[in-house]
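In this text the structure is predicted, and so the values were computed from the model without any measurement.
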Amino acid sequence: MPLLDEHTGLGGVPGTGWDLHEYRHSGLTHLGEAWASLPMLMAKSRHKKPENVRRYFKPSPEAIAEPTGLLAPGDTSR
């Protein structure tokens with residue numbers, strides 16, 4: 001069992017953990033949620049085209065709501 005799978009697997013079951021590609025996706029998402037710029041994400045991932053980076057960046061609903069809150073602080077009805 002690969003080391004990463006061994007340490008991220010559910011209940012130690014082989015094949016249920018992350019692989020390096022999933023780990024890379026997660027890293028790009030965390031960087032994006034921390035407001036890293038698109039050029040920085042492209043440099044980190046070594047993608048040449050912005051659309052390729054966008055496929056891997058999956059922000060959480062909370063991360064999407066954060067900039068919206070800047071427009072209307074305290075307004076949760078939006």
Side-chain angles (χ1 to χ4, degrees):
M1 171 184 321
L3 192 58
L4 185 60
D5 186 44
E6 180 180 330
H7 289 279
T8 61
L10 301 174
V13 178
T16 60
W18 289 15
D19 61 26
L20 289 176
H21 199 75
E22 291 168 319
Y23 194 64
R24 180 181 185 199
H25 290 209
S26 176
L28 288 175
T29 293
H30 289 294
L31 285 172
E33 287 182 344
W35 300 103
S37 65
L38 180 59
M40 184 61 71
L41 293 174
M42 290 174 65
K44 181 67 177 166
S45 65
R46 298 186 181 155
H47 284 106
K48 303 283 188 244
K49 298 179 182 177
E51 57 269 19
N52 291 339
V53 175
R54 289 185 188 116
R55 281 191 327 196
Y56 296 109
F57 175 51
K58 307 285 189 220
S60 67
E62 294 81 14
I64 294 169
E66 185 178 336
T68 304
L70 296 173
L71 298 172
D75 184 1
T76 60
S77 65
R78 293 178 195 246

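Scanning for side chain to side chain donor-acceptor pair (under 3.5 Å) contacts around Glu33 gives Ser60, with sequence neighbours left out. Residues satisfying the side chain to side chain donor-acceptor pair (under 3.5 Å) criterion with Thr29, sequence neighbours excluded, are absent altogether.
In this structure, NE2 on His47 lies 12.5 Å from CZ on Arg54, to the nearest 0.5 angstrom. Rounding to the nearest 0.5 Å gives a distance of 9.0 Å between CG of Leu31 and CE of Met40. Separation of atoms OG (Ser26) and NZ (Lys58) is listed at 13.0 Å; rounding is to 0.5 Å.
Nearest heavy atoms, Ser45 versus Val53: OG-CG2, 3.7 Å. Nearest heavy-atom pair across Gly32 and Leu41 is N-CD2, 3.9 Å. Of all the heavy atoms in Met42 and Lys48, the pair that sits closest is CE-O, 3.3 Å. Taking both residues in full, the closest heavy atoms of Ala63 and Pro67 are given as O-CD, 3.1 Å, listed atom of the first, atom of the second, then distance.
Grouping the Ile, Leu, Val, Met, Phe, Trp and Tyr side chains by contacts below 4.5 angstrom, directly or via other members, places Leu28 with Leu38.
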